[in-house]
Amino acid sequence: MTDLATQLAGACIAAFEAEGLDARWGAVKQSDRPELADFQCNGCMGAAKQAKMNPRELAAKIAPRIAEHEAVSRVDIAGPGFLNIVVTDAALSGAAEFVRSDTKAGGGAAPNPEKIVVDFGGPNVAKPMHVGHLRSAVIGDTLVRLLRFLGDDVTGDVHLGDWGLQMGLLLVAVEEEQPDLLYFDQSYQGPFPAESPVNMEDLSRIYPMASGRSKTDEAYAKRAQEAVAEMQAGRAGYRALLQHFIDVSVAALKTDYAFLDVSFDLWKGESDVDHLIPDVVQLFKDKGLAVESDGAVIVDIARQGENVAVEGKDQLKNPMPPIMLLNSRGGTGYHTTDLATIKDRVDTINPDRILYVVDARQAMHFEQVFRAADKAGLFAYDHLEHPGFGTVNGQDGKPFKTREGGTLRLADLNAMALEEATKKIGEANLSGDIGPDEKAEIGKLVARAALRFADLQNQRTTNYVFDLERFTSFEGKTGPYLLYAAVRIKAILRRAAEQGFEAGTIAIAAAEERKLVLALDGFALALRLAREKRMPHYVCEHVFSLAQAFSAFYAACPVLKDGVEPHVKASRLGLCEAVLKQLETGLGLLGITAPERM
RNA sequence: GCACCCAUAGCUCAGCUGGAUAGAGUGUCGCCCUCCGAAGGCGAAGGUCGCAGGUUCGAAUCCUGCUGGGUGCACCA
């Protein structure tokens with residue numbers, strides 16, 4: 001059993017093949033003209049063109065074959081050769097029953113499941129997460145949930161940034177504040193205290209200070225660079241202190257992520273693959289790919305037609321800079337750690353594919369890393385993907401800043417959303433006496449739904465405008481609207497149970513019921529597209545249109561009201577169960593949980 | 001300079017293999033709670049799909065050029 005669209009496509013494909021034509025013409029989608037039909041097939045025009053036939057004559061041959069399918073009540077030929085398919089009420093009833101009984105609520109399964117690592121291109125240690133990190137967190141988390149749901153074997157890794165200059169800046173700054181710490185005594189080899197000498201507030205204060213100072217104070221910046229090189233070379237005190245920085249930061253990160261219900265299978269970071277770096281560098285040397293240049297070790301990854309010199313110009317045409325395995329101080333940047341991380345994943349997980357859910361601005365970086373990994377035989381180029389995302393902009397179209405000109409911390413964003421959600425729940429006061437504990441819990445769920453849906457509904461690759469007002473609005477195409485739809489269904493089912501009514505066989509009759517089932521039927525397609533394109537917004541579009549269809553049904557089709565015939569009541573209760581099941585499943589993929597009431 | 005991404009309703013955004021009358025939300029204007037939760041529903045108005053060519057029976061979608069915006073271009077990640 002599958003969705004109706006797939007069943008009908010099967011019939012259409014068979015019909016085209018019976019005429020000796022390609023199966024691809026048999027694609028079926030829900031009708032653009034709901035007043036004319038439920039589904040449509042547009043293949044006749046294309047097929048006729050290719051086979052040099054008359055499209056309407058071809059349609060006349062195809063249509064009767066489709067009409068034989070038991071779900072079909074009528075096939076019309078329209079315009080130049082559109083096939084308009086109307087399905088029977090019984091077929092829709094069956095489709096709804098399928099959603100109600102299917103463990104995946106009609107979501108289908110991946111045709112080609114893979115073992116996949118999702119890399120979140122994680123936050124940097126010591127830098128608090130800002131609004132931009134919302135995207136990688138919720139997009140990456142949704143992809144993990146989605147792929148796993150459809151049958152892929154997925155490992156999510158936060159991949160912390162804990163190996164670069166920011167660590168050197170911290171080391172230098174902490175040494176300046178607390179020079180007597182054991183960690184800075186080079187003759188001392190440990191053991192070091194288990195307690196961190198700095199907490200998160202210290203790090204949040206120290207890092208911006210050190211970062212700012214390094215931009216004007218050259219000697220300071222140089223000391224930080226040297227500290228990084230020493231840390232990377234393995235200086236014991238620095239490494240022990242680094243671990244404290246990481247532990248302190250991770251604890252803070254987990255709080256912010258938990259608010260969004262984002263979790264990871266692995267909390268690895270750049271520093272975890274430190275021991276593999278010599279092997280990776282050697283691998284490139286052995287393959288003759290690494291060359292020395294200005295004291296650094298680089299790998300040329302340009303292809304034919306790139307880095308072409310143009311007469312009379314300084315700039316190269318189609319530039320593709322080499323990657324740097326080792327800088328002139330012997331240190332490593334994120335090219336090398338990303339390559340070492342690939343090696344680590346091959347050794348420990350051996351995935352079919354790695355996805356990097358990272359800002360689109362890193363596109364060139366990943367192109368370089370992917371090429372290098374492929375050249376060295378570490379990982380196949382076309383099994384490495386960078387599903388990048390756009391930046392979060394302010395009203396002016398530039399990367400978002402607070403009114404004060406600073407970056408908005410994710411923790412503050414979370415807090416604002418929570419405050420707004422709590423306020424709105426209080427104003428609406430829809431469900432009478434809800435205790436303070438439950439109210440607090442509902443507030444969190446509503447705030448999370450608002451934030452996650454606001455971000456995920458945007459097509460992944462485009463930039464979007466950050467608008468807190470819109471994010472936390474409870475009207476229209478928002479997370480809270482979806483929760484509201486789910487909560488209303490739950491209220492009906494709860495009331496039905498109290499009154500002793502049970503769901504029965506679903507029998508579709510009313511126009512709103514037909515539309516609602518057609519909405520249910522689109523779930524598998526939405527999930528398939530979302531997986532193929534790594535685009536969570538298809539899931540958002542689906543759950544929203546499902547919620548809309550339910551709201552229209554709710555307004556037009558009474559379920560428990562007096563005067564509703566028992567078999568209609570039972571059918572509509574069954575339909576409610578099917579809708580709730582799929583709605584909660586879809587919301588679950590988006591990391592959104594509906595409360596019992598709100 | 002070179003490369004990548006983007007341009008759709010006043011605003012914020014969808015639009016799967018090229019298909020019929022380009023869709024939502026918001027805002028504006030109507031209507032709908034003696035009846036399952038009005039954070040809702042129904043309706044109206046609102047578009048030269050940046051511009052100009054091309055391919056096609058058919059283009060928001062594919063190709064070329066242009067304009068406008070964003071981003072990136074080896075020792076920070």
Side-chain angles (χ1 to χ4, degrees), chain A residues 24-25 27 29 32-33 36 40 42-43 45-46 49 55 78-82 84 121 124 161 163-166 168-169 211 214 221 225 228 270 293-296 298 306 310 313-324 326-329 331 333-335 337 359-365 367-368 388 390-391 393 397-399 424-425 427-428 430-431 446 457-459 461-465 467 470 473-478 480-481 483-485 487-488 491-492 495-496 525-526 528-529 532-533 537-538 540-541 544-545 548 551-552 554-556 558-564 597-598:
Chain A
R24 73 189 175 97
W25 303 116
K29 64 175 186 173
D32 293 330
R33 304 282 300 274
L36 296 179
Q40 66 184 57
N42 300 340
M45 281 89 77
K49 181 179 184 175
F82 295 102
N84 284 332
N124 285 328
W163 199 236
L165 183 66
Q166 79 272 21
L169 289 166
S211 175
S214 72
Q225 286 171 352
V228 175
E270 295 169 325
S293 168
D294 294 336
I298 64 169
E306 291 173 342
V310 180
K313 285 186 181 170
D314 296 344
Q315 305 286 337
L316 298 174
K317 192 163 174 65
N318 299 323
M320 179 52 69
I323 66 162
M324 191 162 50
L326 297 174
N327 64 30
S328 52
R329 291 179 303 279
Y334 73 157
H335 283 124
T337 51
D359 195 322
R361 286 179 288 194
Q362 305 285 344
M364 165 88 82
H365 164 71
E367 178 65 21
Q368 293 175 300
T391 53
N393 293 338
K398 291 174 183 161
K424 292 258 168 67
I425 292 163
E427 282 169 3
L430 288 165
S431 190
V446 171
Q457 68 168 310
N458 295 291
Q459 201 255 22
T461 55
T462 50
N463 300 342
Y464 74 90
V465 175
D467 182 346
R470 196 164 59 83
S473 167
F474 286 9
E475 281 162 19
K477 193 174 183 178
T478 65
Y481 171 87
L483 297 189
Y484 183 68
V487 164
R488 287 203 296 187
I492 290 177
R495 182 181 287 250
L525 173 66
R528 200 190 79 215
L529 286 172
E532 279 174 6
K533 295 172 183 293
H537 81 281
Y538 285 108
C540 293
E541 290 289 324
F544 180 67
S545 60
Q548 273 187 312
S551 293
Y554 182 89
V559 180
L560 296 176
K561 288 182 185 175
D562 293 342
V564 179
R597 49 187 192 161
M598 60 193 269

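We name chains A, B, ... by the order of the sequence lines, and we start the count at 1 in each one. Computed over heavy atoms, backbone and side chain alike; hydrogens, waters and symmetry mates excluded.
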Does a side-chain N or O from [X] land closer than 4.0 Å to OP1 or OP2 of [N], or not?
X: Thr462(A); N: rA14(B); answer: yes
X: Tyr484(A); N: rG41(B); answer: no
X: Tyr334(A); N: rC75(B); answer: no
X: His537(A); N: rG15(B); answer: yes

Considering only the [atom1] atoms, how many Å lie between [N] and [M], rounded to the nearest integer?
N: rG40(B); M: rA77(B); atom1: P; result: 48 Å
N: rA24(B); M: rG43(B); atom1: P; result: 9 Å
N: rA22(B); M: rA9(B); atom1: P; result: 14 Å
N: rA60(B); M: rU21(B); atom1: P; result: 11 Å
N: rG19(B); M: rU56(B); atom1: C1'; result: 12 Å
N: rG65(B); M: rC5(B); atom1: P; result: 14 Å
N: rC4(B); M: rG47(B); atom1: C1'; result: 29 Å
N: rG53(B); M: rU12(B); atom1: P; result: 29 Å

Any donor-acceptor pair under 3.5 Å between the side chain of Ser328(A) and the base of rC75(B)?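 For Ser328(A), whose side chain was compared with the base of rC75(B), there is a donor-acceptor pair (under 3.5 Å).
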TODO: Mark yes or no for a side-chain to base donor-acceptor pair under 3.5 Å between Lys29(A) and rG19(B), with no hydrogen or angle criteria applied.
DONE: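 Donor-acceptor pair under 3.5 Å: no.
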Considering residues at least two apart in sequence or located in another chain, which fulfil the salt bridge (Lys or Arg N to Asp or Glu O under 4.0 Å) criterion with Arg528(A)?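 Counting only residues at least two positions away or on another chain, Arg528(A) forms a salt bridge (Lys or Arg N to Asp or Glu O under 4.0 Å) with Glu532(A).
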Q: Apply salt bridge (Lys or Arg N to Asp or Glu O under 4.0 Å) to Asp467(A) and list each qualifying residue two or more places apart in sequence or on a separate chain.
A: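 Asp467(A): no salt bridge (Lys or Arg N to Asp or Glu O under 4.0 Å) contacts found.
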* To do: Starting from the 5' end of RNA chain B, give me the residue, Gln459(A) or Asn327(A), whose nearest nucleotide shows up first.
  =>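 The residue whose closest nucleotide sits nearer the 5' end is Gln459(A).
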Notebook entry, point to check: If you pin Gln457(A) and Pro480(A) to their nearest nucleotides in RNA chain B, which one's is more 5'?
Noted result: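 The residue closer to the strand's 5' end, by nearest nucleotide, is Gln457(A).
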Euclidean distance, atom [atom1] of residue [X] to atom [atom2] of [N] [Å, nearest integer]:
X: Tyr538(A); N: rG15(B); atom1: OH; atom2: C1'; result: 8 Å
X: Ile425(A); N: rA39(B); atom1: CD1; atom2: P; result: 13 Å
X: Tyr554(A); N: rC42(B); atom1: OH; atom2: P; result: 14 Å
X: Leu529(A); N: rC16(B); atom1: CG; atom2: P; result: 9 Å
X: Met45(A); N: rG58(B); atom1: CE; atom2: P; result: 13 Å
X: Gln368(A); N: rA77(B); atom1: CD; atom2: C1'; result: 13 Å
X: Asp294(A); N: rA74(B); atom1: CG; atom2: P; result: 13 Å
X: Phe474(A); N: rA39(B); atom1: CZ; atom2: C1'; result: 8 Å

Just checking [X]: base, sugar-phosphate only, or nothing, at a heavy-atom cut-off of under 4.0 Å?
X: Leu165(A); value: sugar-phosphate
X: Val465(A); value: sugar-phosphate
X: Tyr464(A); value: sugar-phosphate
X: Arg329(A); value: sugar-phosphate
X: Gly388(A); value: nothing
X: Asp359(A); value: nothing
X: Val487(A); value: base
X: Thr337(A); value: nothing
X: Glu367(A); value: nothing
X: Gly164(A); value: sugar-phosphate
X: Ala363(A); value: nothing

Kindly determine whether Phe544(A) and Tyr481(A) satisfy ring-ring contact (aromatic ring centres under 6.0 Å, His included), including the steps that lead there. CA-CA 8 Å; Phe544(A) 180 67; Tyr481(A) 171 87; 5.4 Å; yes
Q) So which heavy atom on Ala496(A) is nearest to which on Leu560(A), and how close? A)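 Taking every non-hydrogen atom into account, N-CD1, 3.8 Å.
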- [ ] Can you see which heavy atom on Pro80(A) is nearest to which on Pro55(A), and at what distance?
- [x]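 Looking at all heavy atoms of both residues, the shortest contact is O-CB, 3.4 Å.
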Each nucleotide N or O in nucleotides 45-49 of chain B that has a protein N or O under 3.5 Å away: list the pair and distance.
none

Stepwise side-chain contact (heavy atoms from CB on, under 4.5 Å) test for Glu541(A) and Gln457(A): CA-CA 7 Å; Glu541(A) 290 289 324; Gln457(A) 68 168 310; 5.6 Å; no
Between Phe474(A) and Met598(A), is a side-chain contact (heavy atoms from CB on, under 4.5 Å) present by the stated rule, with each step listed? CA-CA 12 Å; Phe474(A) 286 9; Met598(A) 60 193 269; 5.9 Å; no
Given Watson-Crick and G-U pairs under 3.5 Å, RNA chain B in dot-bracket ([ ] crossing, | other strand) is (((((.(..((((.....[...)))).(((((.......))))).....(((((..]....)))))).)))))....
Quiz item: Between Ser551(A) and Arg488(A), is a side-chain contact (heavy atoms from CB on, under 4.5 Å) present by the stated rule, with each step listed?
Solution: CA-CA 9 Å; Ser551(A) 293; Arg488(A) 287 203 296 187; 3.3 Å; yes
What are the atom names and distances for every N/O pair under 3.5 Å that joins the protein to nucleotides 70-72 of chain B?
unit_1, atom_1, unit_2, atom_2, d
rG70(B), O2', Asn463(A), ND2, 3.3

| Chi-based syn or anti call at rC6(B), which uses purine or pyrimidine torsion atoms and a 90° bound |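 Here the answer is anti: the torsion falls beyond 90° from 0.
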Per-nucleotide protein contact along nucleotides 20-35 of chain B, 5' to 3', at a 4.0 Å heavy-atom cut-off (B base, S sugar-phosphate only, - neither), is BB--SSS--------B
